[in-house]
Amino acid sequence: EEVLGEFVRAHDEHAEHRDELFKVFQNNHRSYLCRLAAVMAQEGASSLRETDASALTRAVSDELVAAGTIEQKSRPTMPGALDALVAHHLLVVLSTTGAERVFGFQHQQVLEWFASFWLEATILRAQGNRSSDAAQRLTEFANRSDSDEVVFFAVERLGNGDKARHDALAAFILKAFDVDVMLAADLIRRIPDDIWAQIAGEICRRVSELSKSHMSQAVSFMGRTGRPEFANQIWDAIKDEKRYDSFAGLTRGWLAPSSLGPNGLKRVSGLAPNFIRSIAWDFCMYAGEKGLQFAKALALGTELPEAALTV
């Protein structure tokens, strides 16, 4: 999130773009981009027809005028606003067989980053049930398979925010648990400890209930959170390689290294060679940078057999 934010900031402040964008948008071009991206994300689309993009652009201008952010005479023209965003490499005109232009973002992650500001605002509005519409939008969006990156960007910013943002994020994670437990696990893995402390008791209660009817799902959830508090339950569940493989076959990337506890490296090093190989392979493939670091530490362990080295 920070890397993309810095990329966009550097682009906006570049002399080639800064002055021209100000002439057209009065420092409000991000408001237009966020609206376009939010609609694309909600529709599961990567582009918008010019008719739709123009309507959204006019709506943003209306809101900015009503809020007193810009004057009526300063609102960008149509299609001047879209042309300016294209000219300064914030949007692109996509190839199409139709007569009407179709707009998209330079990269899917840029679209998701701009859309995440809409989701962040929606999470804040939904806090404390102040907006039932916002709560419904969150549930619908979180339940989609293509929403993860937008959610992760929003969660990272909220996690770096003030107490109000932390409270809203804590409430969102509890709501996400009811919609998609694996998404909730991914969110928990990305939050600071103080937010986890807010929800740990309730999450543990829900996991205990879940384990009574769906033990495999409960174990997969605990492994994916990265929380060392679940280490004992996870080690009880993966007593041998066969049981470990049964969980790995259900959900790729279900186990984060930190979920194995503070002595996880030592405990893995003491397993049978083939078991070590399975864990090292999965960490290399699905556990990101931390998984690679864990596997490297295994490979460099003085008592380690050749199992991890083969991976």
Could you tell me whether the side chains of Gln127 and Asp167 share a donor-acceptor contact shorter than 3.5 Å? no
Parallel, tilted or perpendicular: rings of Phe247 and Trp254 (30°, 60°): tilted
Tell me whether Arg190 is salt-bridged to Glu156, with the criterion being a basic N under 4.0 Å from an acidic carboxylate O. no
Option passing side chain to side chain donor-acceptor pair (under 3.5 Å) with Arg75 (candidates Thr57, Asn28, Asp62): Asp62
Whether Ser258 side chain and Gly226 backbone form a donor-acceptor pair below 3.5 Å: yes
Would Val39 and Ile123 show up in the same hydrophobic cluster when neighbours are defined by side-chain heavy atoms closer than 4.5 Å? no
Heavy atoms of His88 and His17 approach each other most closely as ND1-ND1, 3.1 Å
Is there a chain of hydrophobic side chains (I, L, V, M, F, W, Y, each step under 4.5 Å between heavy atoms) that links Ile199 to Met182? yes
If we count only N and O atoms by modelled type, under 3.5 Å, do the side chains of Glu149 and Trp113 hold a donor and an acceptor together? no
Just do the side-chain contact (heavy atoms from CB on, under 4.5 Å) check on Phe275 and Val268 with the steps written out, would you? CA-CA 8 Å; Phe275 200 171; Val268 172; over 6 Å; no
Could you go through Leu169 and Gln198, starting from their C-alpha distance and side-chain angles, then the distance that decides it, and tell me whether this counts as side-chain contact (heavy atoms from CB on, under 4.5 Å)? CA-CA 10 Å; Leu169 178 52; Gln198 289 183 242; over 6 Å; no
Look up atom OG in Ser147 and atom CD in Glu112, then write down how far apart they are to the nearest 0.5 Å. 9.5 Å
Please confirm whether the backbone N or O of Glu50 pairs with a side-chain atom of Ser54, one donor and one acceptor, at under 3.5 Å? yes
Residues Arg137 and Glu140 bridged, charged N to O under 4.0 Å: no
Distance col, row Leu64:CG vs Thr69:OG1, nearest 0.5 angstrom, shows 5.0 Å
side-chain contact (heavy atoms from CB on, under 4.5 Å) between Phe25 and Ser31, worked out: CA-CA 9 Å; Phe25 298 103; Ser31 296; over 6 Å; no
Show the nearest heavy-atom pair for residues Val151 and Leu119, with the distance to one decimal. CA-CD2, 3.5 Å
Atom of Arg35, atom of Ala59 and distance for their closest heavy-atom approach: NH1-CB, 4.2 Å
Might you point out which heavy atoms bring Phe117 and Arg157 nearest each other, and give the distance in Å? N-NH2, 3.3 Å
Leu33, Val150: one ILVMFWY side-chain cluster at the under-4.5 Å cut-off? no
Side-chain donor or acceptor of Arg224 paired with backbone N/O of Val219 under 3.5 Å: no
List the atom of Pro228, the atom of Gly261, and the distance in Å for their closest heavy-atom pair. CB-CA, 4.1 Å
Donor-acceptor contact present, side-chain Asn263 to main-chain Lys266, <3.5 Å: no
Nearest-0.5 Å distance, CZ of residue Arg165 to CD1 of residue Ile195: 11.5 Å
If we ignore hydrogens and angles and just use 3.5 Å, is the side chain of Glu120 paired with the main-chain N or O of Ser116 as donor and acceptor? no
Sidechain-backbone polar pair: Ser259 side chain, Leu255 backbone, donor-acceptor under 3.5 Å: no
Inter-residue atom distance His29.NE2 - Cys34.SG, 0.5 Å rounding: 9.5 Å
Between Arg9 and Glu6, does any side-chain N to carboxylate O distance fall below 4.0 Å? yes
Side-chain heavy atoms of Phe105 within contact of Ser47, under 4.5 Å: no
Is it true that Glu100 and Thr51 share a donor-acceptor pair across their side chains at a distance under 3.5 Å? yes
Centroid separation Trp118 to Phe141 less than 6.0 Å: yes
d(Leu292 CG, Lys296 NZ) to nearest 0.5 Å is 10.0 Å
Test item: Gln106 and Leu90 side chains (from C-beta on) under 4.5 Å apart, heavy atoms: no
If hydrophobic clusters are built from ILVMFWY residues whose side chains come within less than 4.5 Å, do Ile234 and Leu271 share one? yes
Ser208 side chain to Cys204 backbone, donor-acceptor under 3.5 Å: no
Does atom CD of Glu13 have more than 12 heavy-atom neighbours from other groups under 6.0 Å away? yes
Derivation and outcome, side-chain contact (heavy atoms from CB on, under 4.5 Å), residues Tyr244 and Asp240: CA-CA 6 Å; Tyr244 171 82; Asp240 54 52; over 6 Å; no
Any side-chain donor-acceptor pair under 3.5 Å between Asn274 and Arg277? yes
Please report the shortest heavy-atom distance between Leu111 and Ala45, naming the atom on each side. CD1-O, 4.1 Å
Looking at side-chain heavy atoms only, is the closest gap between Ser269 and Ile276 below 4.5 Å? no
Charged N to carboxylate O below 4.0 Å: is that the case for Lys163 and Asp194? no
Same cluster for Val181 and Val179 if Ile/Leu/Val/Met/Phe/Trp/Tyr side chains link at under 4.5 Å? no
Side chains of Phe22 and Gln26, heavy atoms from C-beta outward: is any pair under 4.5 Å? yes
Should the pair Asp52-Arg49 be classified as a salt bridge under the 4.0 Å nitrogen-to-oxygen rule? yes
Is there a side-chain contact between Leu158 and Leu124 (heavy atoms, below 4.5 Å)? yes
Are Phe103 and Leu82 packed together at the side-chain level, in the sense that at least one heavy-atom pair is separated by less than 4.5 angstrom? yes
Can you check whether Arg101 reaches Pro79 side chain to side chain, under 4.5 Å on heavy atoms? yes
Taking it one step at a time, do Glu209 and Arg205 satisfy salt bridge (Lys or Arg N to Asp or Glu O under 4.0 Å)? CA-CA 6 Å; Glu209 288 297 314; Arg205 184 192 68 78; 5.3 Å; no
When the ring planes of Phe294 and Phe283 are compared, do they come out parallel, tilted or perpendicular, using 30° and 60° as the limits? perpendicular
Geometric class of the Phe221/Phe177 ring pair [parallel <30°, tilted 30-60°, perpendicular >60°]: perpendicular
Test item: Leu187 and Thr225 side chains (from C-beta on) under 4.5 Å apart, heavy atoms: no
Could you grab the distance from atom CE of Met222 to atom CG of Asn232, nearest 0.5 Å is fine? 10.5 Å
